[in-house]
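Remarks on the structure that follows.
Letters A, B, ... mirror the listed sequences (proteins, then strands); counts begin at 1.
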There are 2 protein chains.
Amino acid sequence: MRVSLKDVAEHAGVSVKTVSNVVNKYQHVTPATRHKVQQAIDVLGYRPNPTARHLRKGRTGILALAVPELGNPYFAELAGAVVDAAAEHDYTVLLDHTQGRRDRELLVAQGFRTRVIDGLILNPLELEAEDLAARTDEVPLVLIGERRYDLPYDHIAIDNVAAARTAVRHLLDIGRRRIAFVGARRDRPSRPAHLRLLGWQTELAASGLAADDALVGRVEGWERADGAAAMAALLDSGQRPDAVFAYNDLVAIGAMRLLAERGLRVPQDVAVVGFDDLTEGRYGMVSLTTVAPDKRAIARLAVESVVLRIGGGAGAPEGPRQLRPGFRLLERESTLGRPDG
Amino acid sequence: MRVSLKDVAEHAGVSVKTVSNVVNKYQHVTPATRHKVQQAIDVLGYRPNPTARHLRKGRTGILALAVPELGNPYFAELAGAVVDAAAEHDYTVLLDHTQGRRDRELLVAQGFRTRVIDGLILNPLELEAEDLAARTDEVPLVLIGERRYDLPYDHIAIDNVAAARTAVRHLLDIGRRRIAFVGARRDRPSRPAHLRLLGWQTELAASGLAADDALVGRVEGWERADGAAAMAALLDSGQRPDAVFAYNDLVAIGAMRLLAERGLRVPQDVAVVGFDDLTEGRYGMVSLTTVAPDKRAIARLAVESVVLRIGGGAGAPEGPRQLRPGFRLLERESTLGRPDG
DNA sequence: GTCGGCTTGTACAACGTTGGAAACGGGGAC
DNA sequence: GTCCCCGTTTCCAACGTTGTACAAGCCGAC
């Protein structure tokens with residue numbers, strides 16, 4: 001059976017509280033008592049029961065991270081970084097994936113697993129502002145990811161518009177002029193890919209180029225298959241872009257695969273830039289130029305934010321904060337050199 | 001403040017236990033009382049406190065899954081499947097990654113987070129049998145992954161030897177004869193990749209071919225970069241294989257990347273088979289033939305096994321079980337057709 | 001009308017821990 | 001020798017829940 005404080009106390013001939021004091025390194029315990037208790041602990045192999053401790057203290061030491069899809073390498077890599085960052089604060093991470101479905105995101109936000117967790121880091125895709133506004137659960141929440149809500153929650157995300165502009169700027173710099181954006185949502189044009197689409201439009205406009213809607217490839221999701229499908233549709237519509245800025249690396253990889261099937265060379269015929277810096281992008285037949293968000297910084301800031309809010313708010317910043325970790329453009333083979341012909 | 005059973009009881013004018021009975025759908029409660037209590041619950045927005053419940057019941061409803069690296073898509077996809085399988089049994093999953101380091105694996109096995117979790121699913125890489133034999137923690141443990149230990153724990157893994165033989169058989173069937181194995185460990189020849197290496201040897205021997213040690217590419221790890229490095233070393237040593245069977249898809253992808261850099265065509269010059277069926281493998285410039293372990297089955301069996309053991313053993317099988325989920329060979333472009341020349 | 005049996009609800013204790021107040025005991029000051 | 005103080009330890013209650021034992025109420029049967 002399990003060993004409890006009581007067992008140790010009996011074995012050492014002291015009270016339960018004294019054992020608790022030793023375990024918790026309470027100052028006023030005589031060396032003799034401490035030693036006696038410590039020995040009993042060692043002999044019996046006592047280990048504190050976190051559940052009871054948590055009940056008493058009202059905290060569990062567990063953070064939840066909810067991302068759309070663990071099978072997506074971006075979120076997997078991010079999750080790994082969050083686990084590490086949480087460990088630095090003595091927190092453990094409970095992972096959930098919502099499959100980007102609004103009902104599941106809602107369930108998570110509403111505290112489906114409330115009270116097992118001390119705080120929640122959520123990356124919503126489909127969740128609406130009103131869903132979040134109606135949230136009643138008191139567990140501290142911080143948001144990550146591209147979607148922005150005007151709500152009293154900290155939000156951690158890179159400056160997506162600036163990052164997208166950097167990517168498009170790079171394509172312009174290497175002489176491309178018919179730059180497609182692949183990865184806008186088909187159904188709701190203004191949803192998630194919004195900011196990167198805006199960055200694309202803005203940078204083109206800043207260079208005096210029109211952001212032609214015919215050069216926008218629309219998708220159902222942001223997996224590799226979606227990128228391939230959108231690229232196919234774009235080519236089939238008669239467009240002949242000399243560059244593609246993709247919503248993310250997966251979409252870019254799908255698009256590159258399709259370009260190859262159609263006999264178009266990357267980068268000679270079509271340069272490609274992705275977003276996320278997946279390790280995968282480095283090892284394709286043509287390595288992928290990409291915008292690399294600082295994932296470790298995102299994870300660190302998210303964990304720090306939520307941990308700050310957990311203390312009951314003592315020392316926590318007043319209003320919601322917008323935190324903007326950095327990003328870099330990593331130039332690789334997919335944008336090497338000026339266009340052929 | 002938080003609402004507890006007591007608050008609901010006062011509001012409804014009944015005892016705490018009656019509220020508990022309603023919450024737990026205990027049969028013998030009159031509709032009138034039930035309704036009254038339910039209304040109080042709704043008004044106050046009561047939600048049970050799992051921590052207290054768990055303290056009382058001795059279970060937490062949390063399973064831990066420890067894999068080497070979440071950034072590795074295979075483990076990420078597997079983790080996703082485990083989360084889903086656990087949800088079917090009303091369990092939540094706590095994720096940990098050990099980075100394949102023995103000390104971290106040991107920490108996890110020893111119950112680093114004991115008692116927050118009801119059961120542990122562990123995929124060890126470096127852990128030794130004696131480490132596990134010395135385990136004192138009573139939390140039920142099941143093992144997944146390629147390593148086999150002769151210990152009283154359930155083990156879930158596909159038949160790696162048979163799977164490897166299937167892959168090699170396929171390469172033989174399409175006319176390849178100089179088949180390399182890429183992904184044996186450099187430092188300890190008999191460690192993890194062991195079984196797949198054995199399958200390679202066995203199938204070659206069964207066809208009357210020698211398993212030439214010069215055709216074994218050795219690695220430090222099993223990432224894409226390791227595959228590329230091992231492939232480079234193999235070619236630099238003067239070998240000219242007409243096929244590669246890689247330890248896993250990541251190694252295969254790294255190897256393919258290097259083959260392309262050296263001007264060798266896949267599959268015409270070198271056919272390649274991987275292992276894991278990563279989505280990534282489908283979207284390279286040349287899609288990758290691979291051995292696809294049934295990840296959902298692995299996840300399901302692992303969760304079922306550990307859940308069985310949690311009940312205190314009632315109804316649980318006596319001894320340790322070896323469970324062998326299935327696998328399939330998925331033929332794609334990287335092994336299309338007979339060799340050129 | 002009384003009894004037995006069943007249904008419904010209550011009281012109490014317990015899970016293992018920790019905060020706070022009270023009790024204890026030893027040592028120094030007078 | 002007595003008193004007081006302070007450091008140390010113990011006692012009690014509480015966190016929120018549920019299992020067990022039992023009391024109360026109701027019904028029909030004899």
**OP:** Answer with yes or no whether the side chains of A/H28 and A/N21 bring together a donor and an acceptor at under 3.5 Å.
**Re:** no
Original post:
Residues in salt bridge (charged side-chain N to carboxylate O under 4.0 Å, His left out) with B/R148, at least two apart?
Top reply: none
Original post:
Who are the salt bridge (charged side-chain N to carboxylate O under 4.0 Å, His left out) partners of A/D154, not counting sequence neighbours?
Top reply: A/R309, A/R321
With sequence neighbours left out, what residues match [X] under side-chain hydrogen bond (donor to acceptor under 3.5 Å, both in side chains)?
X      : result
B/Y153 : B/R135
B/R56  : none
A/D294 : none
B/Q38  : B/D42

Original post:
Quick one: salt bridge (charged side-chain N to carboxylate O under 4.0 Å, His left out) pairs with a partner in residues 60-73 of chain A, sequence neighbours left out?
Top reply: none
Subject >> Qualifying salt bridge (charged side-chain N to carboxylate O under 4.0 Å, His left out) pairs with a residue from residues 8-19 of chain A, counting only residues at least two apart or across chains >> reply: none
Original post:
Where along residues 24-39 of chain A does a heavy atom fall under 4.0 Å from DNA chain D?
Top reply: A/Y26, A/H28, A/V29, A/T30, A/T33
Original post:
What parts of residues 12-22 of chain A reach DNA chain D, counting only heavy atoms under 4.0 Å away?
Top reply: A/V14, A/S15, A/K17, A/T18, A/N21
Original post:
To the nearest 10 degrees, what angle separates the axes at the start and end of the helix from C/dG1-D/dC30 to C/dC30-D/dG1, five pairs each?
Top reply: 70°
Pairs: protein N or O with nucleotides 22-28 of chain C N or O, under 3.5 Å:
none

